[in-house]
Structures are given as C-alpha cells and as structure tokens.
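Down below is the structure, laid out as structure tokens.
Indexing begins at 1, ligand by ligand and atom by atom, following the structure's order.
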Amino acid sequence: MQRVKNLDYDSDDLYSDDENDYDNDNDQTETYSAEDKHNFSTLTPVVRAELEEADVNVSEEISDKDIHDSLWFYYWDVEKCVAYLKNGKGGKKGGGEKVKEVKTKTKSKFELAAERSAVIADSIPPPLSAAEWFRDIPWTNVPLYMTGELVLAEPAPKKLKLLGGSSKLAKLAEERRRKAAAAAAQAPPSTADSTLSALDRLSKPKDANHIEPSTPKPEPKRYPIRKKREPTPPPRETTPPPVAHEEETLDLRAPPTAFGRALSMTTPHGSGCMSMALTDILGSDNNDDPFKGPSPDDTAEKSASTLEKKTEALKLESSGAPAAPQVKIKSKGLDVPALWTASEGNRKKSAAFVVIGHVDHGKSTLMGRLLLDTGAVAQRDIDRYKKQATEMGKASFALAWVMDTGSEERERGVTVDIAQHHFSTEKVDFTILDAPGHRDFVPNMIGGAAMADLAVLVVDANQLESGLKGQTREHILLARAVGLKRIIVAVNKLDSASPPWNKELFDSVSAVMARFLESAGFSEDDIAMVPCSGLNGENVVKPPPASGASAWVAQGQHRTLLDELSTNIPPPPSIETMKGPVRLQIADVFRGGITNPLSIAGRLSSGSLQTGDTIIIQPSGEKATIKSIEVNNHAKDWTIASQICTLHISPIDPIHLRTGDLLTTPTSQADITQSFTARLTILDSQSLLPQSVDLHLGRQHLSATITQLLAIHDVRTGEIIKRKPRVVKSGQCATVRFALNESIPLLKGMRVVLRSGGVTLASGFVEKVGI
Ligand SMILES: Nc1nc2c(ncn2[C@@H]2O[C@H](COP(=O)(O)OP(=O)(O)OP(=O)(O)O)[C@@H](O)[C@H]2O)c(=O)[nH]1
C-alpha cells in the first residue's frame, strides 16, 4: 500500500532514463494479433512502393519496423503513413532520429506508466495464490471457496504509445476495441477471472493512477487484489450499480418521538432549540416578539408556579389517579374481633421478626436462604438472581437479592431500607423485616424494629470484634430500646471459619454475645444461639449432616434457625386491643397501577379495619377509603391488631401521605401536638441536658428539643428522687419535656429513641401528650 502511494508520477520520472528501454519495448511483434500481422505483411510493400515512388531511399533509411509503427499509429492508413515517413523519417537525412523524438513527445503519462508496468511485470514472479499473497496478514483467513489465482496486470500494450491522431483514427481504434470486446464476450470466462471479479466487488475502488489495459476484459481482473485496498477515488463504473436491492428495502424506522423532534427542531434562525420543545410540551404564551411584555425575571415566579401546576398535572396523570374509576366501596360492617375469635381453630399463629446486625455480616443472605428453603422463593428465581448478580460481578449476593430488591441496594451490595417478606411453616406465618446494617440507615432499622415481635441478630463468627465496635452493639441497644424482648443470635459464616465449623469459635462468640445482650437488658431465657451458614444453608431450615465438620451442631442439640423462630411465638394482643381505636403508623407509601394507584403498609397496633372503611391520615386529616386489604400477600376482607398489612386506598393527594404518619378513623383520631413528656432511660456512657436531639418514634424521625429535665426517678420503683435536675447521667431514669418543630399525632405509651450525632443517648416512652 505504502509502495503504491509513493508512486507519485512526475513527468520526468515517466520518461525512461535508459533509451534502451524504449528500444526494447518497441519489439512488440509478439503482442500483435494475426489480423495485425496480416495487415503489416500486405501493407508494408504498399508503403515501400509509395515511398519509392516519392523518391525516398527506403531501403537505407526506413526499416520495416518504421513502416509497421507508422501503419499502426495511423491505423493502416497508407497515405498518412507514407506522408509521415516521407516528411519526418525518410524525407530528410537523420530523419530516423526525428521519428524517435516525435514518438517520445507523444507519450502520455499513462503510456509511460504502462511501459513501466511491463518492465515490472517481467521481473515479478509467476502469479501467486490468494493465500500466498496474504500469507503474513492476520485478518485474511480466506476460506478456500473464496480464494482464487491472483493474476497480475498485463502490461499495457505497446501500441498505446502511438495513440493520438485525428478523430477519424480514434473512431477506428474504438471500432477495433468493440470488435475485440465482442470476440472476448463469446469466449467463456475463466474461473480465476470470475473469482477475482467477485472479490473485487468486496474490495475498495481501483487506483486511478493505474494504466487502463486496452483489453475489454473487466479491469479488476488485471491487477493484484492488494492494490484495491488503497484509498483511491471510486472506480469508473462500466455498468450502473444495482439499485433493485435498495428499492426493495423497506424503511422500518419509526417516526421520530416528540423528544427526538424537540432535539432536532430548529428555530427560524436555524439553531437547535430545546426551549421550543419544552414550550411545545408544556404550552406557552406564544410571544412572537421575545422582548414584548415583562422581563423574564419579573415573570419567573409566575412561570415557576405554572410549571409546577403542569408538572403536578403530569404527575397525577402518570400515577393513573384521574383515570381510575371512582367506585364507591361500602363497608360490610363486619364484627372483626368476633370473626378473629371465631377463626381461632383454623388460623396459624403469626410473628414478625426484624433482622439486625453489622453491615455485611450476612443478614440478607441468611433471609434469602430461609425463604428459599421454606419454599417462599423458587429456585429458578435464585438462579436468575445468580445470573444477574454474576453479570454485575456480585455473584455471592444472589441470595441477598431476594431481600435487596432496590437497584441501589443491588449495585452497592448494601441494604438501604427495610425489606418485608413473608413465609409460612405448617403452623406459623412469618414476616421478615430485613433491616439495613449500615450506620447511615439506622433510622430505617429503628422503624423496622418498632414493627417486630422479636429480633434475629446476625453475627459473622469471624468478625465479632468489628461487629461489636460497629452496628452489632448499637442494633442490640436499639432493639431493646424499641421494646423487643426476645432475640435469636445467628452465629453465621461458620463455613468460612478456620477451620470450618470451628466449635470453639462458636462457643466463644456465644459467650461474648450472651454477656453483652444481658447487659443491654435481655433476659437469659429470651436469648437463643444458632450456629449456621446462610450461604450454604446449614442449620438454617435443615440441620447439618450427621457427619463432617458441622456434625457437632446436631449432636449438641442446637436447633435450626427456623425451629428457634417457631418456638415462643408471642401471644396475640388482647381482645381489648383489637376492639380499641384504630392505630397504624405508616411504614411505607407506594404507588401501584391502575387498579391500586395508592397503597400504604404498616402494622396495626390497635383496633381493626375492613374494606370500605373510611380512614383519616394524621396529621394532614385527609380522608380516604380502604379499597382492598392484603395480609401476608393474601387478599383479605379485614385486618386486626398485630397484623402487618397493606391497604389499597382510594386516591388522595399523596402529598398528605408520609411514612411515620398515623392512620386512624374519623371517630378515633389521635391528639396532634408539638410538645410532650417522655420517661427515658439514659444509655451507658451517655448523659442528657436540655439540648437538641434526633427523635425516633417508630417510623417517625424528626428533630426535637429537650426543653426541660423534669425529674430523676428510681429505676426500680419509679419514685421521683430529684426534681428539675441540671443533667441526667448514664443509667438514670428521668422525665423530660420536649418541644417539636412541627405538629404530629402522638399516642401515650409510644416508644421513643433519642439520638444525637449518630449516637443513641436514651430510650423510653411517651408519658404525656401536650404540655
Ligand atoms: N462464607 C459465607 N459468606 C456469607 C455468608 N452469608 C453471607 N455471606 C457473604 O457476605 C456478604 C454480605 O452478605 P449480605 O447478606 O449482603 O450481608 P448483610 O448483612 O445483609 O449486609 P447489609 O444488608 O448491607 O447490612 C456477601 O458476599 C455474602 O455472600 C455465609 O454464611 N458464609
């Protein structure tokens, strides 16, 4: 390629330095056809006779070759040939020299290039095969059926050297070419030729600098294929390119979208104009004169509110709210507590547990395993997660993905919010509340724990220290702070212990955890230790094999995690609680589809609800109707205190729905207040002053100010031992007054957790609502 590119023909280059080249090239008898030879033999004597007649010394000065050349040049025109030889060649002394000079002058670039090709061709070895030609080029593993003989270009016929002359001669030459072409067309094409022709269609255009062979055969066959890869101008087309294919091709492109049109839209001035597209979508005042009317700054406020309204309209439209048919659902007036009591023999027990522990200790994986092995999740789903997780380079998180459904959670491999899942055994319906382990998401963990009956603390047996320094310790304190009494410690990842299933390691971890839990307020009887591996599933649902490294688990009569969960299920709430005022703190708000555009979820702490009931969302006071109810993923007509349920409600403006809000009924609304009094216990190494704090009330999380320390109480008896202290110290119990920045619904007895700067200070309950 480079070699050809460097062939920059200067006119000087094209003229051979060696005159002998020219002479040698003149020996062209071998290239003449039989017809040409016949013409030479018959016309040469005629030319000689004419010259003799014109008194030219033919024998001495003009050779047969001279006559042949001039005959060839003038295309067998004897008269012109004789005139030429008489005047230029034989007419004067030294005319032979002149003929040479004339010949040299008439050479064109192409003729000379043809001469050089001829010389080069003589020095080039015989034709190569395609494989040979591309031997050292890695991309050319040309299949056999595509290979062919490479035919080097034939040198341009010498007769081109004399091309030129009158238009009549040109016509004759053209006629001769046509004749030859017709003859060639009758002859069957060679295989090599057709192969090269096919290859040529796949290759690049021919180098325009090459000399056109005079033969009428298709040009591509005449040159090595390699030359066709050169960046050259497109070749002359002997036949027009086929267009049939293009005509048949259907235009399958979709019309441009509105967004596409917006992007490609141009203003009358020709520039792209995104704002036009936006005004197109949102509407505009259609000002032709942009400077007409008030300045944009003056109207900014108005535009903002217009935009806000339109965006809001789009939002509501996308939620499907206006499109949903407003079907009035009437309450059936069921006596839910009576139905509950009546169903006692048929229904399963139920329990909700929160999964807590330090980040990455294996909480989500363990729960994924539990769901898989109890049949709540199909193996094919796990396989799908495995595939997806592997693609993201997080294959080991496949089981955790059962719980971590958010894209952020999956990308980061960290649980962000409480994940809620259900599974059932023969006797119990369980709800899992998988809490995030990361300290940034402690508020979510508190919200999850506040809905649970018991806690499962997951501890990586190999990382006990880091856990106790981190969230293991804090989660235990918070679980206790929100009122949880029973806790199961899953001593996890024993499969990766050194050695695997190291019994001594399990024993030491258990001892440390038991001590710590007891110091945090859990009683010995409410603590259970379970050796397990969530990843492998050993001792989660099924006991480990009787032999092998984990054999001691069964021998030591350590129950599986599922067995531990199934024992000591908390008793259902009293019938009084079930008949009490409706209280449900909203744990989650989500938009569904057309049928259920708006739903809320949470645990009903008191009272009962049924489809058709009118509810009130506090503090907004907005009303809604319950369209349908789900408990444990099953549609129900009613739900009762202690159940975690999802309520599909008639659409209200979602702006009035927030997690932490209280769901009540019109007849049992809670007090809304900005101040309250709480009885608190101060945690180890902490103290309390009148100060700002982060206040956690279940799923509710807001800023508050301790306005007054009212009294210090005796921890056992509750008697006041000091009024209006200046400070409350670690381990002390105190009554404290709070002021809030906003009004919220508050219930006496609600669990309270105080934190500051990411540290838990105290926990307790609401003693009095209002001042
Ligand atoms: N060897 C082994 N690895 C485990 C086990 N359980 C979990 N892992 C791995 O530990 C890593 C973290 O697991 P997760 O289940 O996401 O941990 P997590 O506690 O839920 O983490 P957060 O949700 O972010 O708090 C993953 O790579 C798991 O594959 C186990 O029993 N054995």
Sub-4.0 Å atoms of ligand 1 with respect to non-hydrogen atoms of Thr365: 6 (N), 7 (C), 13 (O), 14 (P), 15 (O), 28 (C)
Quick check: do Ile488 and Val530 have side-chain heavy atoms less than 4.5 Å from each other? yes
Pair Asp383 + Lys387, salt bridge at N-O below 4.0 Å: no
Distance-only donor-acceptor check, side chains His358 and Thr472, under 3.5 Å: no
Quick look: Ser496 vs ligand 1, heavy-atom contacts under 4.0 Å, and the answer is side chain
Taking atom types as modelled, is there a side-chain donor on Ser424 or Asp429 under 3.5 Å from an acceptor on the other? yes
Taking only heavy atoms of Asn492, which atoms of ligand 1 are found under 4.0 Å from at least one of them? 6 (N), 31 (O)
For Val359, atoms of ligand 1 separated by under 4.0 Å from a heavy atom: 24 (O), 25 (O)
Lys348 atom NZ, over 12 foreign heavy atoms within 6.0 Å: yes
Would you say Asn536 has any N or O atom under 3.5 Å from an N or O of ligand 1, going by distance alone? no
Residues Arg755 and Thr760: side-chain donor-acceptor under 3.5 angstrom: yes
Sub-4.5 Å side-chain heavy-atom contact between Ile382 and Val377: yes
Using a 4.0 Å heavy-atom cut-off, which part of Asp495 comes near ligand 1: side chain, backbone, both, or neither? side chain
Is there at least one pair of N or O atoms, one from Gly362 and one from ligand 1, spaced under 3.5 Å apart? yes
Side chain, backbone, both or neither: which part of His361 has a heavy atom under 4.0 Å from ligand 1? backbone
Does any N/O atom on Leu366 come nearer than 3.5 Å to any N/O atom on ligand 1? no
Within-shell test, Gly534 vs ligand 1, heavy atom, strictly < 4.0 Å: yes
